[in-house]
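Small disclaimer: the values here were computed from a predicted structure and weren't measured. In the text below, chain A, chain B and the rest are named by the order of the sequence lines, each starting its count at 1.
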Amino acid sequence: MDVKSNIINALKEVIYKEVGKDIEIKLEKTPNLELGDYSVNICFRLAKELKKNPKTIAEEIVEKLKSMNIEGVKEIKAVNGYINFYIDYNKFAKNLVKEIDNKGNDYGRGNKKGIKIILEHTSANPNGPLHIGHLRNAIIGDCLKRILEFYGYDVETHYYVNDMGRQMALVVYGIELFGLDKEKKKDHAIAETYVKINKYLEEHPEEEEKILELMREYEDALEKNENNEITKKFEFAVNYALDGIKETLKNLNIKHDIFVWESSYVRNGMVKEVIKKLMETGKVVKEETYMLDLSDFGIEKKMVLARANGTSLYSTRDIAYHLDKLSKCDIGIDVLGADHKLTAEMVKAALKLLGSKVPEVIFYEFISLPEGSMSTRRGRFISADELFDEALKRAKEECNKRGVEENIAYDIGLGAVRYNIARISPEKPMVFKWEEALDFEKVGCPFIQYAHARCCSILKEAENKGVKDEAVFNYELTKEEKELIKMLDEFKEIIKESAENRKVHVLANYLLELAKAFNRFYANCPILMTKVDDNVKKSRLKLVKSTKTVLETGLRLLGINCPGRM
RNA sequence: GGACCCGUAGCCUAGCCUGGAUAGGGCACCGGCCUUCUAAGCCGGGGGUCGGGGGUUCAAAUCCCCUCGGGUCCGCCA
């Protein structure tokens with residue numbers, strides 16, 4: 001049993017005797033080590049119930065706790081109503097470090113839960129390259145997949161390909177009129193054509209009919225499950241764009257398990273089936289077209305189920321997709337831009353009507369440019385490729401400046417891009433600024449990678465000197481060592497919190513804190529210096545090794561590599 | 001008009017769900033630290049009406065109400 005559980009159990013026991021019921025106890029870190037290592041503020045909450053002041057309650061509880069001799073606890077103090085615990089670091093450190101040693105990169109891993117999650121993310125329209133807004137989606141999604149898997153879920157990632165929208169018909173028509181620039185990266189070539197056709201249609205609005213015609217023909221063919229000239233044109237265009245998008249994702253260390261085409265739900269008849277079933281609920285009203293009344297779910301706006309010309313709409317097809325997806329997993333998670341909030345609510349309501357479970361949705365706010373929001377149609381966006389290329393270029397420059405081999409530049413560039421997005425909580429709107437996205441001197445991923453590289457270099461040096469790591473810890477630890485040990489221990493809780501709350505930034509911010517704790521330890525506690533006592537040397541080396549392991553695991557969960565030198 | 005998100009030093013950000021000890025970081029600015037483990041680092045300093053106003057509470061950045069500013073969404077786009 002670990003110290004923290006011992007403390008909680010003892011507290012529960014004492015408090016149960018006091019008030020006759022179980023009370024949830026949260027052990028917190030103290031603001032500083034003079035106040036102990038962990039504390040609880042439970043006495044404030046008990047004050048009213050026991051009709052005593054918190055200070056007295058704390059003192060009484062402390063007396064009782066002391067007589068219990070909690071294993072691993074050195075001292076307990078009552079301070080102004082708080083109960084502060086001082087732990088026996090020698091024991092704590094030894095246990096922790098052994099645990100990390102035994103488990104290695106599995107330290108912090110959760111038990112297999114036997115729960116399948118389908119996580120949909122990115123799902124950008126194949127009418128151009130991913131821009132930095134899509135990138136936020138992709139990075140949150142990919143990190144989340146890694147974290148959820150590590151926590152013990154069985155996770156499958158989906159990229160939902162919107163191949164049936166107006167924007168795809170535009171691309172197809174555009175390719176016919178203008179072709180594609182074969183010199184360009186495929187998704188960028190598609191975007192170029194897409195911009196051209198949009199401009200062209202503005203000048204020739206009479207050709208709008210051709211687009212609608214294309215969409216009708218495509219849907220007709222799909223409904224008959226045919227493969228003809230039209231479907232081939234769409235497939236070509238979609239795949240052309242997807243090839244480029246996949247390349248970008250690969251560069252960013254992002255991989256989807258499955259690409260699901262929207263059209264497949266028209267082909268297999270599920271869209272028709274969904275509309276039919278929704279009709280049967282009696283919630284469909286006929287206006288200019290068929291509308292779904294969702295007022296039972298607190299949604300005032302009705303949901304349009306099809307166009308007046310009979311063709312299906314994105315939202316209807318999305319219901320079919322979700323129905324299918326959710327039947328194949330225990331939990332469905334979608335990562336979506338905040339602009340989808342209302343439609344996501346509508347889809348959920350429709351799914352409930354059909355007796356299906358509903359997805360969890362993680363929303364993120366937009367990344368905008370200082371001059372305003374991005375637009376693929378107007379060609380006003382910063383592509384993920386552009387950002388990544390710049391990051392790579394900048395990383396190389398930094399490497400050269402510092403005399404480090406350029407081959408780690410990929411790791412640094414990738415880390416900078418992924419980390420800068422992963423660390424911000426998703427509900428925060430972001431304004432993209434080049435100098436912020438690319439500034440490696442500032443704290444961010446390089447700081448964490450640097451701490452890791454330091455660990456590596458110390459371990460190497462130890463090997464050269466023939467110093468073995470060993471969890472002795474038979475001396476009074478410095479405050480830097482204590483802080484570091486507590487941080488290393490916290491990793492398990494961070495994984496749990498990050499996974500259960502689906503919050504990637506929690507892990508990202510933790511890693512920065514861990515790196516900071518390590519750097520302080522490094523600066524203040526000599527490790528391999530000759531004057532250092534052997535037991536101290538061995539123990540500290542163990543801490544270095546443990547830190548390296550946790551940093552490595554943590555960064556890997558963010559999809560970031562850690563170079564051994566930098 | 002209705003709904004949702006954001007507002008924390010010059011700039012960026014954590015904490016808000018689950019209320020508690022002097023609101024954590026970082027950038028920028030000022031001053032220190034490389035004659036034994038990597039200075040992409042460490043230590044110190046200045047800088048805060050937690051947008052504003054009410055309320056609940058022993059205690060509010062955190063919960064509730066109102067309000068201001070920014071963003072987003074609101075039937076045949078995706």
Side-chain angles (χ1 to χ4, degrees), chain A residues 24 26 28 30-32 35 39 41 43-45 47-48 53-54 79-82 84 123 125 127 162 164-168 262 287-292 298-309 311 313-315 317-318 337-343 345-346 363-366 368 373 398-399 401-402 404 412 423-431 433 435-436 439-451 453-462 465 467 501 505-506 509 512-513 515-516 519-520 522-532 537 540-541 544 565-566:
Chain A
E24 178 91 15
K26 208 169 63 186
E28 289 175 320
T30 54
N32 62 63
L35 288 168
S39 71
N41 58 32
C43 306
F44 292 96
R45 251 164 288 165
K48 191 165 273 177
N53 79 56
V79 183
N80 294 326
Y82 290 91
N84 297 338
S123 302
N125 292 335
N127 62 337
N162 301 320
M164 292 189 63
R166 197 185 112 87
Q167 88 293 124
M168 242 17 254
E262 201 178 343
E287 291 178 15
E288 293 82 6
T289 177
Y290 290 100
M291 318 277 277
L292 185 60
I299 300 171
E300 292 311 312
K301 296 286 167 185
K302 293 189 185 76
M303 186 179 193
V304 183
L305 292 180
R307 292 190 184 84
N309 69 8
T311 54
L313 284 166
Y314 170 83
S315 41
R317 300 187 295 258
D318 207 24
D339 54 335
H340 286 65
K341 277 186 182 175
L342 181 60
T343 40
E345 278 314 305
M346 287 178 159
F363 291 107
Y364 63 92
E365 288 290 329
F366 283 173
S368 57
S373 57
E398 290 295 325
C399 289
K401 201 163 89 189
R402 296 164 208 275
V404 182
I412 307 291
R423 58 183 263 262
I424 306 293
S425 74
E427 65 271 16
K428 208 106 172 172
M430 292 174 83
V431 177
K433 290 177 192 123
E435 63 274 23
E436 278 173 19
D439 207 336
F440 294 162
E441 311 220 7
K442 294 175 184 162
V443 168
C445 200
F447 182 92
I448 304 169
Q449 289 170 315
Y450 185 66
R454 270 181 160 171
C455 291
C456 293
S457 112
I458 295 164
L459 290 170
K460 206 171 169 187
E461 182 67 14
K465 291 186 174 167
V467 183
N501 298 329
H505 75 283
V506 168
N509 286 303
L512 197 65
E513 292 300 318
K516 198 169 294 168
N519 278 333
R520 276 203 267 263
Y522 173 86
N524 293 289
C525 307
I527 301 158
L528 297 173
M529 313 288 186
T530 45
K531 61 182 173 228
V532 179
K537 207 180 269 183
R540 286 185 176 163
L541 199 56
V544 173
R565 282 175 60 90
M566 54 187 289

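If you take CD of A:Gln449 and C1' of B:G41, they are 15 Å apart, rounded to a whole angstrom. To the nearest angstrom, C1' of B:A39 lies 14 Å from CD of A:Glu398. Per the geometry, CD belonging to A:Glu287 stands 12 Å off P belonging to B:G75, to the nearest Å. One can place CD1 of A:Ile448 at 13 Å from P of B:G26, the figure rounded to the nearest angstrom. A:Leu35 has its CG atom 11 Å from the P atom of B:A21, to the nearest Å. One interatomic measurement links the two molecules: CZ of A:Arg45 to P of B:C58, which rounds to 15 Å at whole-angstrom precision. In this entry the distance linking CG of A:Asn519 with P of B:G26 reads 12 Å, nearest Å. What separates CZ of A:Arg454 from C1' of B:U38 is a distance of 6 Å, to the nearest Å.
Across the interface with RNA chain B, nearest-nucleotide mapping of A:Asn32 and A:Asn524 shows A:Asn32 to be the residue nearer the 5′ end. Nearer the 5' end of RNA chain B, as judged by each residue's closest nucleotide, is the contact made by A:Asn41, out of A:Glu461 and A:Asn41.
Applying the 4.0 Å criterion to OP1 and OP2 of B:C77, one finds that A:Arg307 has a side-chain N or O inside that range. For A:Arg565 and B:U38, the shortest distance from a side-chain N or O to OP1 or OP2 is not below 4.0 Å. Phosphate proximity of B:A3 to A:Lys301: absent, as no side-chain N or O sits under 4.0 Å from OP1 or OP2. Residue A:Lys516 has no polar side-chain atom (N or O) positioned under 4.0 Å from OP1 or OP2 of B:C42. The side chain of A:Thr289 contributes no N or O atom lying less than 4.0 Å from OP1 or OP2 of B:C76. Of the side-chain N and O atoms in A:Tyr314, none sit less than 4.0 angstrom from OP1 or OP2 of B:C76.
A:Arg166 comes within contact range of the sugar-phosphate backbone alone, with a heavy-atom separation under 4.0 Å but no base atom that close. Among the heavy atoms of the strands lying under 4.0 Å from A:Ile424 are primed sugar atoms or P, OP1, OP2 only; no base atom is included. Note on A:Lys26: a base of the nucleic acid sits closer than 4.0 angstrom, heavy atoms only. A:Asn125 comes within contact range of the sugar-phosphate backbone alone, with a heavy-atom separation under 4.0 Å but no base atom that close. A:Cys525 comes within 4.0 angstrom of a nucleotide base, judged by non-hydrogen atoms across all strands. Counting non-hydrogen atoms under 4.0 angstrom, A:Ser368 reaches nothing in the nucleic acid. Contacts of A:Phe363 with the nucleic acid, taken as non-hydrogen atoms under 4.0 Å apart, are absent. Here A:Asn84 lies in heavy-atom contact (under 4.0 Å) with a base. Residue contacts for A:His340: at a heavy-atom cut-off of 4.0 Å it reaches a base atom on one of the strands shown. Contact annotation for A:Ile458: backbone-only contact, meaning every heavy-atom pair under 4.0 Å involves sugar-phosphate atoms and none involves a base.
Nucleotides B:G46 and B:U56 are separated by 37 Å at their C1' atoms, to the nearest Å. A distance of about 36 Å separates the P atoms of B:C76 and B:A14, rounded to the whole Å.
With distances taken from any side-chain atom of A:Arg402 to the nucleotides B:C76, B:A40, B:A21, the minimum falls on B:A40.
With salt bridges taken as basic N to acidic carboxylate O contacts below 4.0 Å, none links A:Glu345 and A:Lys341.
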